[in-house]
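Every chain is numbered from 1 and lettered A, B, ... according to where its sequence line falls, protein lines coming before strand lines.
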Amino acid sequence: MPLKRPSRSSQISPSTAIKTLLLGAAIAFPYLTDARLYMVAAIDVFIMAAFAMSYDLLLGFTGIVSFGHALFFGLGAYLVAIVMKSSGASWLPFLAAVLLTVVLAVGLAGLIGVLSLRVRDVYFAMVTLAFGELFAIGVEKWRTVTGGSDGFNFRLPEFLIDKNHVYFLSLFFMLASLLILRRFVNSPVGRVLLAIRENEPRAQALGYNTLHYKQISILVSGTVASLAGVMWAVAHRFVSTELPSLNRTIDALLMTIIGGTGTLYGGIVGSLTMRVIHDVLSGFSSSHIIFNRWLLIFGLIYILIVLFFPAGIIGSAAKMIGRWKERHPQIS
Amino acid sequence: MSSMLKVEDLHAFIGQFHILHGVNLGITTGSIAVILGRNGAGKTTTLRSIMGLVPKLEGSITFDGKELIGLTPEIIARLGIGYVPEDQAVFSSLTVAENLRLVARNKEARAREEMVLELFPDLKVAWTKKGKALSGGQKQMLAIGRALINPNRLLLIDEPSKGLAPVVIEKVIQAVSKLKDHTTVILVEQNYLVASHLGESYHLLDNGRTVHTGTMEELRQNDDLRKRYLAVG
Amino acid sequence: MSIVITLMLNGLANGMLIFLIAIGVSVIFGLMGIMNFAHGALFMWGAYAGVTTYLATGSFLLGIAASGIVSALWGLAMERLTLRQVYGNHLAQILVTMGALLVLTEAVKAIWGPNIITVGTPTVLRGGWEVGGVIFLRYKLLTIGIGLGIFAGLQFLLNRTRLGMMIRAGVENPEMVRALGIRIRLVFSLVFALGAAVAGISGMILAVGQGAFGPDIGLSNQLLAFIVVVVGGLGSVTGTLIGAVLVGVTTSFMAYFLPDLAMAVNVGLMALLLLVRPQGLFSN
Ligand SMILES: Nc1ncnc2c1ncn2[C@@H]1O[C@H](COP(=O)(O)OP(=O)(O)O)[C@@H](O)[C@H]1O
Ligand SMILES: [Mg+2]
């Protein structure tokens, strides 16, 4: 092979190099000249990536499907929004709202788990759908507090209004979620979760109370998702019924599947991919109305991926690299 | 004489377990062949493999010269193989009549109901009972009768005497011995007495392999073999 | 008192419609182990295709026929093109049906637009009678009649035909059904198409009954169907009927007294059942 062997002395693997490069690019991004235009999109990508990663914890690492994940997202967003609206733009109520979000998310996740996990796995999907929709309906109907489907604006502490601050906070939030979730899936609990996903009866036969482990996974996932909702509220200073809707859950589902389940990074890749494709398709919407229905296109892609490329982008890429390495063993 | 069913070097895999490691069978038309072997020897898995119910198989299974591996259970059944599983799998929410009519593929099969009821008069008595209300013996007769409704040329019967009282076993033996006029039979049996009553030839399985084959007469005379693999004297 | 009876009648009519959606969910799950999260979309397609046909031709009956046929075709396509690839893989099944919900819903929006469609009841079906303060609306009575008729038809199909035997046997032990030479895949397709057709017809009846509907008609009714199925017990026809009537009547009373909390009460009912009897009222 004419290809040169990469030097090993540097001790930096290609993947570390890529990650460092991407992180550097993300940090430098706000200082680029045209960045303002894309700043909002980038913030959304970060927050949704964290949301999608919390979804991957359930789908990819525990093997259960939630159709009510947006409940947690909406919970975090609305709690912060409601508290800030009624208290004014100071830090104390903000932090209290964040704390309350975590407490409520844990409580709700626990309740959903208790109700749905005992029977069959598919009940989790049904019960989460029911609770998610109930929450969404509640938010819409409780107009005096939530403003109904119009939503409402609110104010935040000065620091959180600067777009650069929000940008770095979202980036930090995404990376922190990634690290925490990765730590979690690599922990002893995470290993049991993987064993459950692979073969639940066997995990039970080994003496694990699989219900408890799934429950923990739901709690962690719900908490991260609710914090993603907090971040979204901070970034937009506006909440509306679209946040707790089924479509938001479907976004996370699409991102996770398209990016690749059971990888965590898939959430980031999926979030970025969807946003880019969405913005490109919306650009075409004047030429043909089908581009207005971009979810139709995503839905079809999603079905094809589930049927034929269950590994998603990250997984398929990893497989391709693996095969390439096999064929070229002399290159590290 | 030619073999109706031929199994050659059959390997079966369930999940990550390698269950059969080389099963060989040759079944002659019009006979009752018995598969013998200890608990866990692979008898049930062998029958399930023939029916196409084991997803991963290697080797060869031919029925009238046609390769069965790779075919679905419904196609294999339609080639003329009837299956009576170990747990009988009588449909508990269906009546005796429905259990039989469910499988009748055409008018000709409907007409065979008479023949089945002649063979198993007990079923006539229980005609409108639900499957779950039947006794163990009745379930066994129903399961065998159900496999006879279509004009199958080969019947796979898995331990029909299991869990039955001696009187009932007697009935089952009588019934199975009468099957010979209708069809070829492969009978899995742990109960050596039942096996030796019914079988003409035997295939002895151990640890997922065929370890011995011969006529029932040979087995009767081979005390050593019986002691070693069947724990009977 | 008369208001109670009127509300009961309304609830019964609601319940029959919910039954028609839920029965497909229940039987498909019982037979194939698939929870069809796209069932609400099949229902919605029935509403759109049926109402469109009805508005174009002026014939309510043609509308009903179109709703059943179009939904059946979508159900068949869904089963053949997607679910068939992932039999036995529960996770992939859930994911695929949710994808189908998304695609079918977006397709409706692409064709008919996202806005509310209004439709009038055929003249002969308008109005009703008042007897001792109780109001008998023709359309509600028709709804109850059609619901009972389809229920009876399904009972006949399940208990008196060979297809019904295959379905009942398949619910118990699909592997053995195959080993007896029955082409269970064909049975699966038929059941899927039938469940979709029944859901589609109820979509049409509900849409015309409401007089106005939009693309959210699918999800909200699917949710009710799921609640019914959890309450009644998966795979049980009688359980589904009773669960549906229960949810229908509850919804009808709530809609009169406390409309904002209707869904909360239904979800609460489901939660309660999951706590005290997670296998459902009528599961065996
Ligand atoms: N589904 C399965 N998963 C794992 N092992 C199995 C399974 N079915 C059978 N086995 C194993 O395969 C071996 C043969 O089983 P079987 O064919 O039922 O034996 P037999 O009918 O002769 O008693 C046994 O050791 C059994 O434990
Ligand atoms: Mg056995």
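Between Glu74(B) and Arg183(C), no side-chain nitrogen of the basic residue sits less than 4.0 Å from a carboxylate oxygen of the acidic one, so the salt-bridge criterion is not met. Between Glu98(B) and Arg168(C) there is a salt bridge, with a side-chain nitrogen of the basic residue lying less than 4.0 Å from a carboxylate oxygen of the acidic one.
At most 12 heavy atoms of other shown residues, nucleotides or ligands fall within 6.0 angstrom of atom CD in Glu114(B). Within a 6.0 Å radius of NZ in Lys178(B), other residues, nucleotides and ligands contribute more than 12 heavy atoms.
For the pair Arg48(B)/Glu175(C), a side-chain contact is recorded, criterion being any heavy-atom separation below 4.5 Å from C-beta on. In this structure, Val171(C) and Phe91(B) have side chains that are not in contact, with every pair of non-hydrogen atoms separated by 4.5 Å or more.
For Arg162(C) (side chain) and Ala104(B) (main-chain N/O), a donor-acceptor pair under 3.5 Å exists by modelled atom type.
Neither the backbone nor the side chain of Leu163(C) has a heavy atom closer than 4.5 Å to any heavy atom of chain B. Interface remark: Val84(B) contributes no atoms to any contact with chain C (heavy atom separation under 4.5 Å).
The greatest number of non-hydrogen atom pairs below 4.5 Å with chain C, out of Asn99(B), Asn150(B), Val103(B), is found for Val103(B).
For the residue pair Ala169(C) and Leu94(B), the shortest heavy atom distance occurs at N-CD1, 4.0 Å.
The side chain to side chain contact (heavy atoms under 4.5 Å, CB included) with Arg178(C) is formed by just one residue from the set Thr72(B), Ile75(B), Ile76(B); it is Thr72(B).
Of the inter-residue distances, the one linking Met176(C) atom CE with Gln88(B) atom CD reads 10.5 Å to the nearest 0.5 angstrom. Distance CG/Leu180(C) to CG/Leu102(B): 6.5 Å, rounded to 0.5 Å.
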